[in-house]
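Structure first, commentary second.
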Amino acid sequence: MIGKYRREFSVAFAYLLILGFLALEVPQFFDGRALLVLAVKNAPVLVAAVGMTLVILCRQIDISIGSQASVCAVTAGLLAKSGMPMPVVGLGTLLVGAGLGACNGLLVAGLGLPSIVVTLATLVILRESLRYLREGAFVRELPSGFQWFGVGQETGQWFVVGIGLLVLLFVAWGMRNLAAGRSIYATGSDPEAARLAGLRPRAVTFWIFVAMGTLAGLYALLEVIQLPEVDPKTGTDGLEMRVIAAAVVGGAAVSGGRGTIIGTLIGVLLLGTINPALVYLHVSAEWEKAIQGAIILLAVASDGLSRESR
């Protein structure tokens with residue numbers, strides 16, 4: 001098991017070392033309230049990272065996730081402002097996300113275009129279209145039942161964390177026990193072999209992008225219900241880098257076909273701890289992205305060296 005999940009164990013060990021260091025240097029980091037805030041902040045990122053892991057496992061990439069989240073965030077705000085009940089707001093947001101993901105899926109799986117080119121194009125199209133339509137204006141005057149799902153901040157925070165964990169557990173279980181999960185690994189490992197085995201790699205790729213869009217919508221929903229107004233720039237603060245980093249650091253191979261959802265959880269925890277740790281250690285938060293980039297390079301280099309040794 002250690003050999004099979006070597007990356008996951010090594011990242012978990014590194015994370016425990018960081019926690020041990022913080023326990024010695026800044027024990028206040030482990031205050032119960034601070035840990036809950038950290039969990040709430042990273043639960044939406046976990047949802048998006050799970051989707052990105054599925055895309056990477058399928059030997060694809062989606063860098064338009066931040067722009068998709070922006071559109072979904074504004075959608076949620078406008079639906080709520082129009083008087084729609086929260087279940088309809090949630091469903092509408094997820095459907096818009098699924099539709100955006102389907103557009104990417106049609107171009108990648110249907111036309112055979114490179115996913116990085118397609119998602120770079122949709123990133124720009126969605127971001128600039130939203131900028132033109134909204135002109136940077138927030139969605140304000142939202143109903144009281146919108147923020148924290150109308151259950152108050154204390155309960156709402158646990159809702160956000162719980163939803164993130166439910167998504168994680170469901171996808172982790174599905175990847176291990178459902179034929180659909182195994183088909184993702186097979187498609188990412190060798191699309192031609194998967195086709196000869198009776199699978200439909202193009203269909204798998206299409207639905208993976210739909211799932212990614214849906215989870216981008218859920219990310220947006222979990223983010224915007226935490227504030228009294230909706231920022232149209234939700235998701236455009238480097239979300240792509242964070243979720244790709246979490247998936248790759250957690251063991252997802254950029255060449256596809258290898259990785260685990262639990263590894264992604266460890267990656268999210270590791271990267272999500274960097275910023276508050278820097279704050280507690282009185283180090284400039286501007287170092288966060290540099291550290292994230294260094295971790296990605298180390299993870300990719302480790303992947304390359306591992307393949308060389310095999």
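One-based numbering along the sequence shown. The basis for the numbers below is simple: all heavy atoms, side chains too, and nothing from hydrogens, waters or symmetry mates.
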If you look only at distance, which donor and acceptor atoms sit under 3.5 Å apart when one is on a side chain in residues 151-171 and the other is two or more places apart or in another chain?
from   : atom 1 : to    : atom 2 : distance (Å)
Gln157 : OE1    : Arg33 : NH1    : 3.2
Gln157 : OE1    : Arg33 : NH2    : 3.3

Tell me, with the steps shown, if Phe21 and Leu16 meet side chain to side chain contact (heavy atoms under 4.5 Å, CB included). CA-CA 9 Å; Phe21 173 76; Leu16 289 175; over 6 Å; no
Does Leu113 form a side chain to side chain contact (heavy atoms under 4.5 Å, CB included) with Val108? I'd like the steps, not just the answer. CA-CA 5 Å; Leu113 301 177; Val108 174; 5.6 Å; no
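Salt-bridge check for Glu223 with Lys233: failed, with every basic side-chain N at 4.0 Å or more from each acidic carboxylate O.
Annotation: side chain of Val118 is not in contact with side chain of Asp62 (no heavy-atom distance under 4.5 Å). At a threshold of 4.5 Å between non-hydrogen side-chain atoms, the residues Leu142 and Val139 count as touching. Counting heavy atoms from C-beta outward, Phe209 and Ser115 have side chains that approach closer than 4.5 Å. Side-chain contact check for Lys41 versus Asn275: some heavy-atom pair is nearer than 4.5 Å. With a 4.5 Å cut-off on side-chain heavy atoms, Thr273 and Leu22 count as touching. Inter-residue side-chain proximity for Arg182 and Asn177 is flagged as unmet; no heavy-atom pair is nearer than 4.5 Å. At least one side-chain heavy atom of Lys81 sits under 4.5 Å from a side-chain heavy atom of Glu141.
More than 12 heavy atoms of other shown residues, nucleotides or ligands fall within 6.0 angstrom of atom CZ in Phe30. More than 12 heavy atoms of other residues, nucleotides or ligands sit less than 6.0 Å from atom CD of Gln28. The neighbour count for Met84 CE, taken as heavy atoms of other residues, nucleotides or ligands under 6.0 Å away, does not exceed 12.
Side chains of Thr53 and Thr264: a donor-acceptor N/O pair is present below 3.5 angstrom, by distance only.
Tracing side-chain contacts under 4.5 Å through hydrophobic residues (I, L, V, M, F, W, Y), one never reaches Val55 starting from Leu199; they form parts of separate clusters. Residue Leu106 is not grouped with residue Ile61 when hydrophobic side chains (ILVMFWY) are merged at heavy-atom distances under 4.5 angstrom, including chains of intermediate members. Put simply, Ile261 and Val210 are part of two different groups of oily side chains (I, L, V, M, F, W, Y) that touch within less than 4.5 Å, one to the next. When hydrophobic clusters are built by joining Ile, Leu, Val, Met, Phe, Trp and Tyr residues whose side-chain heavy atoms come closer than 4.5 Å, directly or via intermediates, Trp148 is not grouped with Val37. Note on Leu271: it clusters hydrophobically with Phe29, by side-chain heavy-atom contacts below 4.5 Å among ILVMFWY residues.
With hydrogens and angles disregarded, no donor-acceptor distance shorter than 3.5 Å links the side chain of Ser64 to the backbone of Ser67. With Arg134 contributing its side chain and Ala137 its backbone, the two residues share a donor-acceptor pair below 3.5 Å. Judged by distance alone, the side chain of Ser70 and the main-chain N or O of Gly66 form a donor-acceptor pair under 3.5 Å. At least one donor-acceptor pair under 3.5 Å links the side chain of Arg59 to the backbone N or O of Gly188. Using modelled atom types, one side-chain atom of Asp190 and one backbone atom of Ala193 make a donor-acceptor pair closer than 3.5 Å.
Leu126 CG to Leu130 CG: the interatomic distance, rounded to the nearest 0.5 Å, is 8.5 Å. Annotation: the span from Met212 atom CE to Met52 atom CE amounts to 5.0 Å, rounded to 0.5 Å. Atoms CZ and OH, on Arg176 and Tyr185 in that order, are 9.0 Å from each other to the nearest 0.5 Å. Taken to the nearest 0.5 Å, the CZ atom of Arg131 stands 8.5 Å off from the OG1 atom of Thr236. Taking CG of Asn104 as the reference point, atom CZ of Phe206 lies at 10.5 Å (rounded to 0.5 Å). One finds the CG atom of Leu269 at 8.5 Å from the CG atom of Leu19 (value rounded to the nearest 0.5 Å).
Nearest heavy-atom pair, Ala49 versus Val243, reported as atom, atom and distance to 0.1 Å: N-CG1, 3.7 Å.
Side-chain contacts under 4.5 Å among hydrophobic residues (ILVMFWY), followed directly or transitively, place Trp173 together with Leu178.
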